[in-house]
Asks: 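This is the structure I want to talk about, given as structure tokens.
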Amino acid sequence: MFARSANPQLIQEYVNTGKVRYVFKYFPFLGDESYYAAEASECAGDQGKFWEYHDLLFNLWQGEGVGTFLPDKLKTYAGQMGLDAQAFATCLDTRRDQFTVLADKRDGAQAGVKYTPTLFLNGTVISPVSDYEQLKTKLEDALAGR
Amino acid sequence: MSSRIALIVAVALALLVTACGGGNGGGGVPQVTVPPGTVGSQHVLGSPEAPLELVEYADFQ
């Protein structure tokens with residue numbers, strides 16, 4: 001999975017150096033837990049902790065539909081991160097951010113996304129990208145105007 | 001007799017559909033339509049002046 005394995009290097013070498021602007025979008029399509037996780041991330045974002053929660057979920061990944069991202073688990077992770085547990089639970093239980101997540105998916109589908117991760121570089125699909133080195137080559141080529 | 005069997009089959013099928021969440025993929029998260037004009041998430045790292053924009057669509061699973 002791209003985001004989990006490559007992001008730290010990408011952020012350090014390209015985002016922090018002003019070469020790349022990185023945008024994360026949801027494209028949940030692998031089952032209910034995909035939606036729960038995405039909406040929970042938005043709830044964490046409401047408390048200013050989107051990226052921390054995003055990183056945590058990718059680090060916790062164990063497979064599809066194995067229970068890692070069920071609502072009770074997601075609430076536990078939020079509590080362990082020091083988020084306001086009550087506010088987080090209310091946000092998740094009421095599905096406050098479901099339309100934000102679904103709007104991402106709608107936009108992705110309209111742009112031609114059919115699987116994840118799908119990467120767009122300046123509006124053009126560059127995935128599949130197998131590893132960071134391959135991504136780095138594509139970024140360097142783009143920076144060089146190739 | 002055959003109408004009775006048909007009725008039993010119909011009831012069984014209705015119960016099966018209900019148990020499966022009305023056909024929404026096994027229950028759980030109901031699928032809904034996004035209201036027109038709804039804006040997606042806004043999670044961005046880096047400078048707006050950066051020459052490259054990398055957009056990733058991802059599923060946490």
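Chain naming here is simple, since letters A, B, ... match the order of the sequence lines and numbering starts at 1 in each.
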Asks: Do the side chain of A:Q9 and the main chain of A:N7 share a donor and acceptor less than 3.5 angstrom apart?
Replies: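 Such a contact is absent between A:Q9 side chain and A:N7 backbone.
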
Asks: Picking from A:T124, A:L119, A:V129, what satisfies side chain to side chain contact (heavy atoms under 4.5 Å, CB included) with A:K138?
Replies: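 Considering A:T124, A:L119, A:V129, a side chain to side chain contact (heavy atoms under 4.5 Å, CB included) with A:K138 is found only for A:V129.
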
Asks: Between the side chains of A:Y36 and B:Q61, is a donor N or O closer than 3.5 angstrom to an acceptor N or O?
Replies: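 Their side chains do not contain a donor-acceptor pair, so the 3.5 Å distance test is not met.
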
Asks: Drop me the distance from A:T116's OG1 to B:E56's CD, to the nearest 0.5 angstrom.
Replies: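 Going from OG1 on A:T116 over to CD on B:E56, the span is 8.5 Å.
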
Asks: When only pairs under 4.5 Å are counted, which of A:T17, A:V23, A:V66, A:V101 shares the most heavy-atom pairs with chain B?
Replies: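 The answer is A:V23.
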
Asks: Pairing donors with acceptors under 3.5 angstrom, does anything connect the side chains of A:E42 and A:T100?
Replies: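 On atom types as modelled, these side chains do not qualify, holding no pair under 3.5 Å.
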
Asks: Measure from NZ or CZ of A:K25 to the centre of the six-membered ring of B:Y57 and say whether it is under 6.0 Å with the direction within 45° of the ring axis.
Replies: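 No, A:K25 does not lie over the aromatic ring of B:Y57.
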
Asks: Give a yes or no answer on whether the side chain of A:D104 reaches the backbone of B:S41 with a donor-acceptor pair at less than 3.5 Å.
Replies: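 Yes.
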
Asks: Chain A: which of B:G40, B:G46, B:S47 shares the most heavy-atom pairs with it under 4.5 Å?
Replies: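 Counting heavy-atom pairs under 4.5 Å, the top option is B:G40.
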
Asks: Using a heavy-atom distance cut-off of less than 4.5 Å, which residues of residues 79-89 of chain A contact chain B?
Replies: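 Answer by number: none.
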
Asks: Identify which of A:Y115, A:F29, A:Y26, A:F69 forms the greatest number of heavy-atom pairs closer than 4.5 Å to chain B.
Replies: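 Result: the option with the highest number of such pairs is A:Y26.
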
Asks: Please identify, among A:L139, A:L121, A:N122, the residue contributing the most non-hydrogen atom pairs under 4.5 Å to chain B.
Replies: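 That would be A:N122.
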
Asks: With chain B as the partner, which of A:K19, A:R21, A:E64 has the greatest number of non-hydrogen pairs under 4.5 Å?
Replies: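 Maximum pair count with chain B is reached by A:R21.
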
Asks: Look at the rings of A:H54 and A:F50 and say which category their plane angle falls in: under 30° parallel, 30 to 60° tilted, over 60° perpendicular.
Replies: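 Answer is tilted, since the angle falls between 30° and 60°.
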
Asks: Using a 4.5 angstrom heavy-atom cutoff, name the option from B:H43, B:Q42, B:E53 with the most pairs to chain A.
Replies: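 Option with the greatest count: B:H43.
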
Asks: Examine distances only and state if a side-chain atom of A:S41 and a backbone atom of A:A37 form a donor-acceptor pair shorter than 3.5 Å.
Replies: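 Side chain of A:S41 to backbone of A:A37, a donor-acceptor pair under 3.5 Å: yes, one is there.
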
Asks: Which one of A:V20, A:L143, A:D97 has the most heavy-atom pairs closer than 4.5 Å to chain B?
Replies: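 Result: the option with the highest number of such pairs is A:V20.
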
